[in-house]
Amino acid sequence: MAAPGVRGRSLAGLLPAQTSLEYALLDAVTQEEKDSLVYQYLQKVDGWEQDLAVPDFPEGLEWLNTEGPLSVYKDLGGKVVILDFFTYCCINCIHLLPDLHALEHTYSDRDGLLIVGVHSAKFPNEKVLDNIKSAVLRYDITHPVVNDADASLWQELEVSCWPTVVILGPRGNMLFSLIGEGHREKLFLYTSIALKYYKDRGQIRANKIGIKLYKDSLPPSPLLFPGKVTVDHLSKRLVIADTGHHRILVVWKNGQIQYSIGGPNPGRKDGIFSESTFNSPQGVAIMNNIIYVADTENHLIRKIDLEAEMVSTVAGIGIQGTDKEGGANGEQQPISSPWDVILGSSGSEVQRDDILWIAMAGTHQIWALLLDCGRLPKKNDLKKGTCLRFAGSGNEENRNNAYPHKAGFAQPSGLSLASEDPWSCLFVADSESSTVRTISLKDGAVKHLVGGERDPMNLFAFGDVDGVGISAKLQHPLGVTWDKKRNLLYVADSYNHKIKVVDPKTKQCTTLAGTGDASNVSSSFTESTFNEPGGLCIGENGQLLYVADTNNHQIKVMDLETKTISVLPIFSSGNAMVDGPFLVEKAEKQTVPKLPKSAPAVQLSPVAASPGQTLQFQLRLDLPSGTKLTEGAPSCWFLTAEGNEWLLQGQVPSGEIESIADQPTISLQVPGDCSSPEAVVSVSVFLYYCSADSSACMMKGVLFSQPLQITDAQQGCTAPVELKYAF
């Protein structure tokens, strides 16, 4: 615990002296004056008869990014320490992270500075270490993080809100506190002068702290924290925000990548695909080969033109905005942490997709970007390119109101649109109030649908309860999608690890899939599990639901007719990259899904082949009587050659199986330069089929292994190898 000779431990003990300092800083003009005022303040605080000492971290807490638990007094003595009290769902906490990153790049532990994230959860789901691990990866946090699940340090210091920063001196003595976001200048000023003050007194130690980054222990994966997914209804494609890899993927329905744009590192650059960069993109919307992207941590809306293969910026200036009204042209309008986007129409009778609706999580509002001249409810005509607030006062609340500007949201993170009557509304996943809300497209009225409670200031009314309207409880929902075919709304109930369905007519909310466990099981709806799913979309005329299962790093495919769930394999097409440059082969190998344990292995007779020869494998698969391939499900094949990957250079490694009546022929050209005279090539087949009445559905697999004997003797034309199996 704390060293002897201390006085009261709460942050209130700093308040009188720091308030006087901050008033004095308001009158300071030059940097020298500000530095001098802070130095004098430290002389005063450091001269107190007793230190205002921070309690030590309780024993037994879980730590990340360190070689072991840290003690303020045993390990961090001689350091200026910044304690960042945060919870990973909080948008304000996320906004603080770039300031902390910049501080870490300016001063290291050798300079005498260390930042420690003290995770103090709001939601029960955030107390789980595995979920904090995911957040540490997702937000690229490289300083030590301690899971204070019971908020013991928070309570002892009487911290009152997220985020709160506490700056400690080299004796564990509290020097400053900063509440909320937006204090970058003070953070740097207080830290730099504290380092100088204690260096002048010889109290700073230059020893290194044992840092062991959690991210360094993980293998690469084709997706990393995918946040959102959407369907291109005009083609067989999906658009995925591969958030953790800072890129956008356009993939065919079998998971084969067509375009990989951006990544693997964060950045902010427009231009051709190979040069463009994003920073933790979330929402995506596609129309006529144009993709709009909520480039969240760049505070931008980006436009991807798939025909021109160019990326441009259509809204935002690249730094976090505080404007809560808007009205400027998009490229001059500051915005704050856009989290989702969806296309819609203005007041015209014709469906034109001339408005991009934006869930502006950073200012707790819903905004609109005019893609053409148009009009919003209760607004005059607006020019093309105008970007402005549509609904939400900017106060973080769960407030419904007939006047959209008087309503309040709390970190809206998901949008869906039901433009048809009688609905004619936007659905909003309002994450921090744990509600789903509606906004009328006719008059802008904001209404409650499910979750939360009646007190607009209570943002802690969360849970996991199926029910009607306010009796239903959600926990930090991040995504919604409208099923026009069934007049139902699907909800990614993220922190409950479930997909729920809402009937907007009755306000009935029920669990559709997920047990509530944060794990990774793909089976029936009732047995499957998710891990903080962040986005979802409806496809195949209402048959399939695609889910961005964020912390499982996967896209799940939910068949709404057969009530089964599968994983969409993500793999390279040979000219698109998986996990950035130089990792293609390793990542491709890992993206081949595992066959079921019950899958048979068929050993084929050896085949002679010569360099340059093209071998053909003809699938001859028979389904059980009375069954058919599941429409829209990704039945497919994969080529692998474990230990002989040179065989697959330049090959098409996978493909779809769309019809049992017309099964594909798989081609393999033996390379001209062979590394071994013997090799084995394998064909993994995954089939999704169901009974003719769709009452039961299953996934089956089979593995064909084909030994090759490579000889220089020309083999001439050989008949296709038949890959026969009856399920």
Side-chain angles (χ1 to χ4, degrees), residues 57 61-70 76 81-105 108-109 113-151 153-154 162-165 181 209-221 223-227 242-246 263-266 279-282 296-297 337 431 476 478 494-495 497 518-520 531-534 548-554 579:
F57 301 113
L61 297 185
E62 300 162 315
W63 287 80
L64 294 172
N65 289 342
T66 66
E67 294 175 348
L70 298 177
L76 305 182
V81 178
I82 293 178
L83 301 179
D84 171 29
F85 288 86
F86 77 110
T87 184
Y88 70 78
C89 72
C90 166
I91 192 67
N92 311 94
C93 300
I94 295 169
H95 288 163
L96 177 62
L97 289 175
D99 297 348
L100 297 178
H101 288 323
L103 200 60
E104 288 175 299
H105 287 137
S108 70
D109 53 356
L113 177 71
L114 188 74
I115 298 172
V116 177
V118 184
H119 192 270
S120 311
K122 170 183 176 180
F123 294 99
N125 181 69
E126 294 177 316
K127 297 181 180 182
V128 179
L129 183 66
D130 283 345
N131 298 335
I132 300 170
K133 286 179 178 178
S134 295
V136 165
L137 290 173
R138 191 158 63 237
Y139 299 120
D140 196 26
I141 297 173
T142 56
H143 51 253
V145 172
V146 60
N147 179 18
D148 190 11
D150 295 326
L153 199 57
W154 168 289
W162 298 280
T164 291
V165 166
E181 60 171 296
I209 302 298
I211 300 295
K212 184 179 179 181
L213 296 184
Y214 173 62
K215 67 179 182 180
D216 292 342
S217 66
L218 299 175
S221 67
L223 295 176
L224 188 64
F225 302 107
D242 188 10
T243 308
H245 285 139
H246 309 285
N265 299 313
N279 193 348
S280 299
Q282 287 282 347
T296 304
E297 293 194 20
S337 296
S431 63
H476 201 76
L478 290 173
S494 305
Y495 284 7
H497 316 292
S519 59
N520 189 11
N531 194 341
E532 293 193 13
D549 194 5
T550 303
N551 285 3
N552 280 328
H553 317 294
Q554 293 174 334
D579 284 350

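The first residue of the sequence shown is numbered 1, and numbering continues consecutively from there.
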Between Thr243 and Gly227 (side chain of the first, backbone of the second, donor and acceptor by atom type, cut-off under 3.5 Å), is there such a pair? yes
Ser120 side chain near Thr87 side chain, heavy-atom distance below 4.5 Å: no
To the nearest 0.5 Å, atom CG of Asp130 lies from atom OG of Ser519 at 10.5 Å
Determine the minimum heavy-atom distance between Leu61 and Trp63, stating which atoms define it. O-CD1, 3.3 Å
Looking only at non-hydrogen atoms, find the nearest pair between Asn65 and Pro144 and report the distance. CB-CA, 4.0 Å
Run the side chain to side chain contact (heavy atoms under 4.5 Å, CB included) test on Trp162 and Leu96 for me, step by step, so that the C-alpha distance in whole Å, both residues' side-chain angles and the decisive distance to 0.1 Å come before the verdict. CA-CA 10 Å; Trp162 298 280; Leu96 177 62; over 6 Å; no
Would you check if the side chain of Asn279 reaches a backbone N or O of His246 as a donor-acceptor pair within less than 3.5 Å? no
Distance, nearest 0.5 Å, that separates NE2 of His476 from SG of Cys90: 9.5 Å
Does the side chain of Asn520 come within less than 4.5 Å of Asn531's, by heavy atoms? no
What are the two closest heavy atoms between Asp84 and Pro163, and how far apart are they? OD1-CB, 4.1 Å
Heavy-atom distance under 4.5 Å between the side chains of Phe123 and Cys89, does that happen here? yes
Please find the pair of heavy atoms, one from His119 and one from Glu126, that lie closest to each other, and give the distance. CE1-O, 3.1 Å
Step-by-step side chain to side chain contact (heavy atoms under 4.5 Å, CB included) determination, Leu153 to Phe85: CA-CA 9 Å; Leu153 199 57; Phe85 288 86; 4.0 Å; yes
Minimum side-chain heavy-atom gap His143-Val145 below 4.5 Å: yes
Measure the shortest side-chain to side-chain distance between Val118 and Trp154 over non-hydrogen atoms and say whether it is less than 4.5 angstrom. no
Can you tell me how far the OH atom of Tyr88 sits from the CD1 atom of Ile141, to the nearest 0.5 Å? 11.5 Å
Nearest 0.5 Å, what's the CG-NE2 distance between Leu223 and His245? 8.0 Å
Give a yes-or-no answer on whether the side chains of Asn125 and His497 include a donor-acceptor pair shorter than 3.5 Å. yes
Nearest-0.5 Å distance, CG of residue Asp109 to CD1 of residue Ile115: 11.0 Å
Of all the heavy-atom pairs spanning Asn131 and Ala518, show the shortest one and how long it is. OD1-CB, 4.5 Å
Looking at every non-hydrogen atom in both residues, tell me the closest pair between Ser494 and Gly534 and how far apart they are. OG-CA, 4.2 Å
Side-chain contact, heavy-atom cut-off 4.5 Å: Phe225 with Asn551? yes
Are any non-hydrogen side-chain atoms of Leu129 and Leu64 less than 4.5 angstrom apart? yes
Start with the C-alpha distance between Glu297 and Ile94, add both sets of side-chain angles, then the distance that settles side chain to side chain contact (heavy atoms under 4.5 Å, CB included), and finish with yes or no. CA-CA 9 Å; Glu297 293 194 20; Ile94 295 169; 4.2 Å; yes
The reported gap from CG in Asn147 to CD1 in Ile132 (rounded to nearest 0.5 angstrom) is 3.5 Å
Examine the side chains of Glu181 and Asn92 and answer whether a donor and an acceptor come within less than 3.5 Å of each other. yes
Before giving the answer on side chain to side chain contact (heavy atoms under 4.5 Å, CB included), spell out for Leu113 and Ile82 the whole-Å C-alpha distance, their side-chain angles and the decisive distance to 0.1 Å. CA-CA 8 Å; Leu113 177 71; Ile82 293 178; 4.0 Å; yes
Hey, does Thr142 have a side-chain heavy atom less than 4.5 Å from the side chain of Lys215? yes
